Amino acid sequence: MINKVVSGAEEAIKDISDGATLMLGGFGLCGIPENCINALVNKQVKNLTCISNNAGVDDFGIGLMLKQRQVKKMISSYVGENAEFERQLLSGELEVDLIPQGTLATRCLAAGYGMPAIFTPAGVGTEIAEGKEVRNFDGKDYLMEYAFDADYAIVKAWKGDTAGNLIFRSTSRNFNPVMAMAGKITIAEVEELVEAGELDPDYIHTPGIYVHRIFQGKDYEKRIEQRTVRKSEG
Amino acid sequence: MINKVVSGAEEAIKDISDGATLMLGGFGLCGIPENCINALVNKQVKNLTCISNNAGVDDFGIGLMLKQRQVKKMISSYVGENAEFERQLLSGELEVDLIPQGTLATRCLAAGYGMPAIFTPAGVGTEIAEGKEVRNFDGKDYLMEYAFDADYAIVKAWKGDTAGNLIFRSTSRNFNPVMAMAGKITIAEVEELVEAGELDPDYIHTPGIYVHRIFQGKDYEKRIEQRTVRKSEG
Amino acid sequence: MFSKEEIAQRIAKEIKDGYYVNLGIGIPTLVANYIPKGINVVLQSENGLLGMGPFPFEGEEDADLINAGKQTITTLPGSSIFDSAMSFGMIRAQKVDLTILGAMEVSENGDIANWKIPGKMVKGMGGAMDLVASAKNIIVAMQHVNKAGESKLLPKCTLPLTGVKCIKKIVTELAVLDVLPEGGFKLLERAPGVSIEFIQQSTAGKLIVEGEIPEMRLD
Amino acid sequence: MFSKEEIAQRIAKEIKDGYYVNLGIGIPTLVANYIPKGINVVLQSENGLLGMGPFPFEGEEDADLINAGKQTITTLPGSSIFDSAMSFGMIRAQKVDLTILGAMEVSENGDIANWKIPGKMVKGMGGAMDLVASAKNIIVAMQHVNKAGESKLLPKCTLPLTGVKCIKKIVTELAVLDVLPEGGFKLLERAPGVSIEFIQQSTAGKLIVEGEIPEMRLD
């Protein structure tokens with residue numbers, strides 16, 4: 001197998017330069033690549049375009065990059081938990097392209113599957129359809145949406161092996177596998193890195209061919225955004 | 001959970017009637033729904049359109065249905081292992097629509113993902129492009145191909161649960177998960193049927209929402225088409 | 001007039017055995033508490049889960065297991081996890097039987113607006129545009145009038161649209177209404193003690209009243 | 001002149017460390033036996049496997065584990081299994097670095113015909129049309145002339161095409177040739193003992209010979 005292991009987040013992101021387009025996995029704060037985000041903050045790389053379903057919170061996740069004004073443009077479906085984000089948006093410092101969540105996911109899939117465009121009914125007849133091709137199939141209208149073109153995809157998995165194979169845990173899977181397929185270069189940080197052969201080939205979510213660099217991350221905080229519980233019974 | 005269990009192949013296919021369009025999972029003889037095929041043979045349902053990567057061999061798999069002239073049309077990528085097939089084709093009894101294997105798989109995916117059409121470069125400039133829309137993206141030509149529209153998808157999995165969740169084993173996965181997503185009604189036969197809750201949610205290949213009927217099959221032959229071995233060392 | 005809980009309770013009666021259901025944030029989330037006993041329903045959470053269970057017990061929260069509202073949740077026996085592309089794939093392919101979501105405005109031709117108010121910070125549409133454009137069966141849970149007392153059931157939406165001609169049924173604190181394919185809100189039921197006249201006054205769009213209009217029942 | 005084994009051996013020299021490679025049926029399959037020691041290469045089988053290993057030992061065949069030629073095979077440490085949509089997805093997205101396949105005819109502009117002979121039973125194109133349309137790097141392994149002694153390297157293919165302008169390199173029993181973007185077969189190497197004149201006679205398409213043409217080496 002081809003060994004994809006790098007020493008850590010710093011090495012993994014070392015060639016990411018100003019103006020790059022990044023995909024960042026995660027839904028809310030669940031399954032985000034914490035180590036790589038911190039390394040990007042330390043590296044102070046700027047003018048980034050970030051494709052990510054959400055934009056983190058003020059003091060965690062992509063919010064840390066926003067605070068340093070490293071992000072020129074966010075491409076997201078929902079960005080509502082972030083005061084600094086709002087400030088930059090209203091002041092015109094930050095561009096935002098809001099797109100439907102399913103369209104976001106499917107434009108990643110399209111890139112990973114070599115399909116230049118896809119059709120979705122999401123947004124037909126709304127302002128997000130402006131300037132887009134509408135096409136009718138079987139009496140229903142669809143928008144044509146293009147595959148994303150990202151320089152890097154940065155994802156977080158639960159387990160990975162030295163060949164780059166990834167397994168995600170529970171709903172921290174979310175956008176991670178589709179973004180992993182979609183980057184020109186894909187960087188994966190994992191909670192546990194094992195030797196090739198330790199993961200069952202039948203249960204791999206992202207085959208190693210899609211992953212270029214992998215490392216075992218450290219000090220995962222895995223912050224919970226909405227801690228909701230029920231009372232113990234009895 | 002919603003219980004999808006039926007008593008067996010006969011019950012699973014009982015409403016399939018003459019003229020139906022069926023998807024049948026498998027690659028060669030690997031991962032084919034043996035029980036359902038036998039039940040379809042016994043039921044003698046006719047004028048079927050079968051979407052399947054291959055057409056079985058003379059005395060196994062879809063070949064058994066061909067022998068009884070139950071198939072009006074095959075939609076496949078490769079049909080080369082079957083003398084009766086050849087006879088029916090040359091005599092005009094059987095229609096065949098040959099399409100590239102990746103196009104076949106992606107047209108299933110499109111149906112399962114609610115995308116009416118996809119773009120693929122496969123077949124551009126060849127006779128299979130005749131009558132199809134060609135579209136250029138970024139300097140490369142693609143054919144527009146439509147999602148399949150199948151009345152039933154019939155697949156074979158390794159394990160399944162009463163909620164319809166499926167897990168496939170090794171390369172018997174092949175077309176099964178994409179077809180499972182693509183049928184208006186999806187029937188799954190499994191080698192081992194377990195209670196809901198026994199399969200790890202992280203390792204389910206086909207979520208139960210895509211499966212309408214499930215049963216534990218019996219007497220699997222799992223015939224090997226090309227038995228190739230190397231000599232024991234030492 | 002119905003409370004939010006009662007709106008949720010009334011909507012729950014629309015859920016049938018064997019349904020896969022996607023619940024939006026707000027009143028729709030409450031619907032889960034009222035799913036009729038004895039029927040099997042699977043909740044889909046569009047961040048990638050089928051078979052959403054209740055909130056975890058204290059101390060059992062799992063940061064890796066959340067719903068589309070980012071709340072900690074649990075799975076149930078028979079649950080499955082999948083990625084976002086498959087999640088919206090099954091939504092787009094209409095494998096989800098029923099979608100319940102909130103709205104700021106609904107028009108008499110079934111358009112819905114629920115994601116953006118001009119001049120205010122826009123948080124994004126999340127999965128709402130995908131859901132309304134794809135679902136074969138959508139119920140809107142909403143207040144009949146806004147805080148300024150203006151009707152939210154309109155001849156035409158004034159806010160930016162989320163989807164067009166997609167809403168089939170609305171349950172408010174005042175009434176249950178169908179949106180007719182040819183246009184118009186057809187009054188089906190009224191909340192206990194609420195008059196047809198009051199519903200008429202609260203409905204800016206075309207209200208269609210035919211025959212006896214029974215009171216909403218929750219049992 | 002090269003044997004089939006030697007053609008495979010020569011092609012194997014084109015495989016670089018870190019390559020993901022898809023091998024077609026026939027001579028291409030033999031290439032696996034000659035992958036240079038010390039480089040890491042992963043074989044993709046388009047029925048849904050990365051990390052194809054050798055044939056199983058007798059008695060260890062697994063009916064559920066086959067390659068695209070339907071042969072029983074094995075996995076290697078680090079293998080992964082996936083469905084047919086993902087398999088052709090990664091092919092279409094050009095994640096596979098090199099595709100090696102056979103051909104009936106190749107034209108001087110890089111068209112390939114390898115799936116259909118009019119009047120004969122057509123078995124189907126399998127994954128060949130996807131592979132040739134998608135791969136960034138394709139090597140054709142073929143005989144220079146057919147059994148009737150006619151050249152298979154033509155100005156224009158006479159058989160139904162599998163793909164257009166996609167072949168970059170050809171290895172035959174006689175020679176190694178590049179297909180130039182502007183058209184023409186550029187002779188790179190000749191098999192031991194084979195003259196340029198003989199290659200010229202065996203090549204119906206435009207052959208480009210510039211400078212010294214070394215003999216093919218296998219070591």
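Just so you know, these numbers come straight off a predicted model, no measurement behind them. All heavy atoms count here, side chains included; hydrogens, waters and symmetry mates do not. The sequence lines fix the lettering, A, B, ..., with proteins before strands; numbering per chain opens at 1.
- Of the atoms belonging to A:Leu109, it is side-chain heavy atoms, and not backbone ones, that fall under 4.5 Å from chain C.
- C:Asp62 has its side chain within reach of A:Arg169: a pair of non-hydrogen atoms, C-beta onward, lies under 4.5 Å apart.
- Heavy-atom distances place no part of A:Leu29 under 4.5 Å from chain C, backbone and side chain included.
- For the options A:Gly31, A:Ala55, A:Gly28, A:Cys30, heavy-atom pairs under 4.5 Å to chain C are most numerous at A:Cys30.
- With C:Asp130 contributing its side chain and A:Gly102 its backbone, the two residues share a donor-acceptor pair below 3.5 Å.
- Interface remark: of the candidates A:His205, A:Lys140, A:Arg223, A:Met179, A:Lys140 forms the most heavy-atom pairs closer than 4.5 Å to chain C.
- Chosen from A:Asn54, A:Asn82, A:Asn53, the residue pairing most often with chain C at heavy-atom distances under 4.5 Å is A:Asn54.
- There is no contact between C:Thr75 and chain A, counting heavy-atom distances below 4.5 Å.
- Scanning all heavy atoms of the two residues, the minimum distance from A:Thr171 to C:Leu65 falls at OG1-CA, 3.3 Å.
- The minimum heavy-atom distance between A:Leu89 and C:Met121, with the atom names listed, is CD2-SD, 4.0 Å.
- Each of A:Ser172, A:Gly123, A:Ser170 has some count of heavy-atom pairs under 4.5 Å with chain C, and the biggest count is that of A:Ser170.
- A cation-pi arrangement, defined by a distance under 6.0 Å to the six-membered ring centre and an angle within 45 degrees of its axis, is present between C:Lys70 and A:Phe27.
- Using a 4.5 Å cut-off between heavy atoms, A:Arg173 touches chain C through its side chain atoms alone.
- Interface remark: C:Glu46 contributes backbone and side-chain atoms alike to the contact with chain A (heavy atom separation under 4.5 Å).
- For A:Met144, the CE atom is densely surrounded, since the number of other residues' heavy atoms within 6.0 Å is greater than 12.
- In this structure, the side chains of A:Glu225 and C:Ile66 stay at 4.5 Å or more apart for every pair of heavy atoms.
- Using a 4.5 Å cut-off between heavy atoms, C:Asp111 does not touch chain A at all.
- In this structure, C:Phe88 and A:Gln101 approach most closely via the heavy-atom pair CE1-OE1, 3.5 Å.
- Among the candidates A:Cys108, A:Pro100, A:Gly125, the residue making the largest number of heavy-atom pairs closer than 4.5 Å to chain C is A:Pro100.
- Partner C:Val122 forms a side-chain contact (heavy atoms from CB on, under 4.5 Å) with one of A:Val96, A:Leu98, A:Val79 and no other, that one being A:Leu98.
- For NZ of C:Lys206, the number of neighbouring non-hydrogen atoms (other residues, nucleotides, ligands) closer than 6.0 Å is 12 at most.
- Annotation: maximal heavy-atom pairing with chain C below 4.5 Å, among A:Val124, A:Val178, A:Asn174, occurs at A:Asn174.
- C:Arg92 places a side-chain heavy atom less than 4.5 Å from the side chain of A:Pro121.
- Shortest non-hydrogen contact noted between A:Tyr78 and C:Gly124 is CD1-O, 3.6 Å.
- A heavy-atom distance below 4.5 Å is found between the side chains of C:Met129 and A:Thr126.
- Between the side chain of C:Thr72 and the backbone N or O of A:Arg227, no donor-acceptor pair lies under 3.5 Å.
- Neither the backbone nor the side chain of A:Asp141 comes within contact range of chain C, judged by heavy atoms closer than 4.5 Å.
- At distances below 3.5 Å, not a single donor-acceptor pair connects side-chain atoms of A:Thr228 with backbone N or O atoms of C:Gln71.
- Only the side chain of A:Phe85 has a heavy atom closer than 4.5 Å to any heavy atom of chain C.
- Interface residue A:Ile128: only side-chain heavy atoms are found under 4.5 Å from chain C.
- The pair C:Lys116-A:Glu127 meets the salt-bridge criterion, since a charged nitrogen lies less than 4.0 angstrom from a carboxylate oxygen.
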